[in-house]
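Letters A, B, ... are given to chains in the order of the sequence lines, protein chains preceding strands, and every chain is numbered from 1.
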There are 2 protein chains.
Amino acid sequence: MDDCLKILKDHKFKITPKRKAVIELFLTSRKCLKPYDVYKAVRKRLDSLGLPTIYRILDEFCRIGIIKRLQSDDGQLVYAFCSSQKKHSHYFVCLNCNKVQEVSVCNINGISRYIEKNLGAKVESHQLQLEGICSECK
Amino acid sequence: MDDCLKILKDHKFKITPKRKAVIELFLTSRKCLKPYDVYKAVRKRLDSLGLPTIYRILDEFCRIGIIKRLQSDDGQLVYAFCSSQKKHSHYFVCLNCNKVQEVSVCNINGISRYIEKNLGAKVESHQLQLEGICSECK
DNA sequence: TCCATAAATAGAAATCATTTCTGTTTATGG
DNA sequence: CCATAAACAGAAATGATTTCTATTTATGGA
Ligand SMILES: [Mn+2]
Ligand SMILES: [Mn+2]
Ligand SMILES: [Zn+2]
Ligand SMILES: [Zn+2]
């Protein structure tokens, strides 16, 4: 939590109850959440809350690297907590419970080299999302 | 083209001018396209065309593996031609011209093994999207 | 070749996620 | 404290996507 608040301060964002509640939610749930999921969960804890606020906060958090936007099958916005701000990211998403786990190893260099050699292109970033069933759901 | 028509037949879909035009477009452009892009392009060749038809065709083609849905930065639906129907896919998308090139090599097994060993999870599929600048745009 | 029939389609309308706008409230540095 | 810009709620607008319905069309079998 303190790490996240530091990121906010570093980017001159104010520490507000809404922002803290959103961080808290991502820290505790560790799942990928849609804006409305976040809205429903955060609204319980606060007296008033607007959905546009959630959209704005999620977008801000995404820009400063507190959360990360994931791929979703239905095209809706989906976010998950993200501990590192890299040009690349690997997530494992449980198809059953939606839990998201970050994967630190990266062996994409081989593929990148292949592309740069065979397609003559310059690879600047990549995103890998793996899906399956997590240990608890098995 | 014939390959695609065969896929349609195999799935008991009728061969219609709209469907052929959409296939034609993906085969010739080789780019990732949004539904409205497809609509604009196909409408030129045909006397009448509804946007819902495009959405439906894109969804159908996606289900039977003629095209593939990609990640898009703005959350809109984006599709690209797809020659193989695998549980996994690797695309290289040019950030400048939007051209999409399929990448055949796969070294994700290492990451999958890592996940299965360290997270105790079962990996069922993955999607890797690499972005950069293609040879022509460099 | 012709027909019956289910599939495909156009166009209008509805839906719904997301964004914009505006007036009010709030966090924070000084 | 206070001034001030940032953050916010709530209403409204937007725009992508989906649904609905009446009409057209592709196609397997006569
Ligand atoms: Mn990587
Ligand atoms: Mn692979
Ligand atoms: Zn799970
Ligand atoms: Zn290019």
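Pairing for dG15(D) is with dC16(C), a Watson-Crick or G-U wobble pair whose two hydrogen-bonding atom distances lie under 3.5 Å.
Atom CG of Leu51(B) and atom P of dA13(C) are 16 Å apart (whole Å). For the pair Glu60(B) CD and dT18(D) P, the interatomic distance rounds to 12 Å; values are reported in whole Å. Going from atom OH of Tyr39(A) over to atom P of dT19(C) covers 16 Å, rounded to whole Å. Computed from coordinates, the Leu46(A) CG to dT26(C) P distance equals 12 Å when rounded to whole Å. When rounded to the nearest whole Å, the span between CG of Asp37(A) and P of dT18(C) equals 11 Å. Following rounding to the nearest Å, Lys34(A) (NZ) and dT18(C) (P) show an atom-to-atom distance of 9 Å. In this entry the distance linking NZ of Lys20(B) with P of dT25(D) reads 15 Å, nearest Å. Summarising the geometry, the separation between CG on Leu58(A) and P on dT19(C) is reported as 10 Å, rounded to the nearest angstrom.
Between Tyr55(B) and Lys14(B), it is Tyr55(B) whose nearest contact on DNA chain D lies nearer the 5' terminus. Take the nearest nucleotide of DNA chain D for Pro52(B) and for Lys12(A): the residue whose nucleotide is more 5' is Lys12(A).
With hydrogens and angles disregarded, no donor-acceptor distance shorter than 3.5 Å links the side chain of Arg69(B) to the backbone of Cys62(B). Side-chain atoms of Lys18(B) come within 3.5 Å of backbone N or O of Ser48(B) as a donor-acceptor pair.
If you check dA10(C), dA8(C), dA9(D) against the side chain of Ser48(B), the one that comes closest is dA10(C). Closest to the Gln76(A) side chain, of the nucleotides dA27(C), dT18(C), dG11(C), is dT18(C). When distances run from any side-chain atom of Ile57(B) to the nucleotides dA27(C), dT17(D), dT9(C), the shortest one goes to dT9(C). Each of dT18(C), dA7(D), dT9(C) was ranked by its minimum atom distance to the side chain of Thr53(B); first place goes to dT9(C).
Nucleic acid contact class of Arg56(A) (heavy atoms, under 4.0 Å, all strands): base. Contact annotation for Tyr36(A): no contact, since no heavy-atom pair falls under 4.0 Å across all strands.
Side-chain contact between Leu8(B) and Ile23(B) is present, with heavy atoms from C-beta onward closer than 4.5 Å.
One finds a side-chain N or O of Thr16(B) lying less than 4.0 angstrom from the OP1 or OP2 phosphate oxygen of dT9(C).
Ion pair Arg63(A)/Asp59(A) flagged as a salt bridge, since at least one NZ, NE, NH1 or NH2 atom sits closer than 4.0 Å to an Asp/Glu carboxylate oxygen. We find that Glu24(A) and Arg45(A) are not joined by a salt bridge, their nearest charged nitrogen and carboxylate oxygen being 4.0 Å or further apart.
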